[in-house]
2 protein chains.
Amino acid sequence: MSKSSSDIAEQAATARNLRADAQRNHDLLVDAAAVVFATSGVDAPMKSVADQAGVGVGTVYRRFPRRSDLIVAVFHREVDACADAAPLLAMQYEPFEALTHWIERLLDLIVTKRGLAAALHSGEPAYTSLRDDFEVRLVPALQGLVEGARTEIRADITAAELWNALARLCAPATVDDFEPTRRMVDVLINGLRVESRRLSDTRD
Amino acid sequence: MSKSSSDIAEQAATARNLRADAQRNHDLLVDAAAVVFATSGVDAPMKSVADQAGVGVGTVYRRFPRRSDLIVAVFHREVDACADAAPLLAMQYEPFEALTHWIERLLDLIVTKRGLAAALHSGEPAYTSLRDDFEVRLVPALQGLVEGARTEIRADITAAELWNALARLCAPATVDDFEPTRRMVDVLINGLRVESRRLSDTRD
DNA sequence: TTGATAAACGGAATTGCCTTCCGTATATAA
DNA sequence: TTATATACGGAAGGCAATTCCGTTTATCAA
């Protein structure tokens, strides 16, 4: 859990004009909210977030007037972490394997966090910035991996298309059963390989 | 707003073992909820539904223990009405026009009712029965219209596919701005015609 | 028609969460 | 070190969800 480029941006965005203790509590709250949201979902009482962070509820509301502000803050950070993981995986693994690992990580991000998928697809204006986060940060990250594995995957697939397909596949079908989603994503990954059978090939 | 075949089914499903006043209140509540949901969205206070129906809150909870029960009841009825409209439109208009009108009506159903689209795509188990309603009742209705206009629309399009495309297009992008959705559906309808240009044709 | 009984009703009461507000505490800079 | 702006905590007020129970009413058998 070391600092990454995104933390710098975060600092710049939030530290501005913030007293030291306020900044500290801001970070504590995002940490706390990440824990609470993962445990109890994004509808958990604000009080529980405050308790987890060891601050009063007033502090939560001063920093994050609307619940969606806190949700966005939490997932913004997770999106950053996911995007940052791409180049690391690219160094660590063979190109296609790196891509596979990253998509798995992306799935964990969307699927593990209860309520993230629903928030993404809710249509609420409060979450459009979150959707933008996903596009802006994750598509380039995916693009790097796709280019790295260019010779191994179908030439007619772009990162943007792949992202789009993943996003649609992850539209929530059922809240508690994500296995079908995982399977379909697995199918999709397998289908990416250049040597994979096309529709015109023989079946089975 | 006359009785239709679906009302009979509804009677059979709900009147069983219900005292007359209970049945009456059940109907009053669904009527009331339809009004309230249309006005204030599906998160409106239960009290307001009770008031609109002229009953106590206790009655609401006895008949519809969970909010989703009430939501499902309301939209189930609207789905029925929409499905029932298909054959009527088929008699009233030329085949393709009937199809167009019906899709417009479907759009109104999904788009007008605040929260319907979100509920449909929420992934909440409570709403799977509602999704099933849509499939089971609307796909056959659509099928009838598609078959009626068979000679006028592309041969490679099935009712199920068209339904699927419509459902995905109506996944909520923004809660308050459905214009893009309407436009895309309009494009889709135009693209259905046999004489429409294919991708392989010259560009504009 | 009448009376017994099960079913349903209404709304007060309870509970829990959201949100605001303000007296107190503290970081910061002169 | 002191003044001041900033932030803090948590009590208080309000709203909606949900339960509970005394009262009312539909139903049916006599």
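All values derive from a computational prediction rather than experimental measurement. In what follows, chains are A, B, ... by sequence order, proteins preceding strands, each numbered from 1.
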TODO: Starting from the 5' end of DNA chain C, give me the residue, A:V57 or B:G54, whose nearest nucleotide shows up first.
DONE: B:G54

- [ ] Look at the side chain of A:V55 and decide which nucleotide, out of D:dG9, D:dA17, C:dA7, has an atom nearest to it.
- [x] D:dG9

TODO: Kindly say if B:T59 contacts the phosphate of C:dA8, meaning a side-chain N or O under 4.0 Å from OP1 or OP2.
DONE: no

TODO: Name the nucleic acid region contacted by B:R63, choosing base, sugar-phosphate or nothing; use a 4.0 angstrom heavy-atom cut-off, strictly under.
DONE: sugar-phosphate

TODO: May I ask you to decide whether B:D31 forms a salt bridge with B:R77, counting only side-chain N to carboxylate O separations under 4.0 Å?
DONE: yes

Open item on the list: Taking 4.0 Å as the cut-off, does a side-chain nitrogen or oxygen of A:N25 come that near to OP1 or OP2 on D:dA7?
Closed with: no

Task: Short N-O contact, A:D27 and A:R63, less than 4.0 angstrom - done: no

Open item on the list: Could you work out, with side-chain hydrogen bond (donor to acceptor under 3.5 Å, both in side chains) as the rule, every residue matching A:D69, not counting sequence neighbours?
Closed with: A:R66

- [ ] Give a yes or no answer on whether the side chain of A:S48 reaches the backbone of A:A44 with a donor-acceptor pair at less than 3.5 Å.
- [x] no

Open item on the list: With a 4.0 Å limit, can you tell me whether A:R67 has a side-chain N or O closer than that to the phosphate oxygens OP1/OP2 of C:dC18?
Closed with: yes

TODO: Round to the nearest Å and state the distance from A:L70 atom CG to C:dC18 atom C1'.
DONE: 14 Å

TODO: Classify the nucleic acid contact of B:R62 as base, sugar-phosphate or nothing, counting any heavy atom under 4.0 Å across all strands shown.
DONE: base

Task: Atom-pair distance (CZ on A:R24; P on C:dA27), nearest Å - done: 7 Å

TODO: Starting from C1' on D:dA17, measure out to CZ on B:R66 and report it in whole angstrom.
DONE: 15 Å

- [ ] Could you say whether A:A44 or A:G58 is positioned toward the 5' end of DNA chain C, judged by the nucleotide with the nearest heavy atom to each?
- [x] A:A44

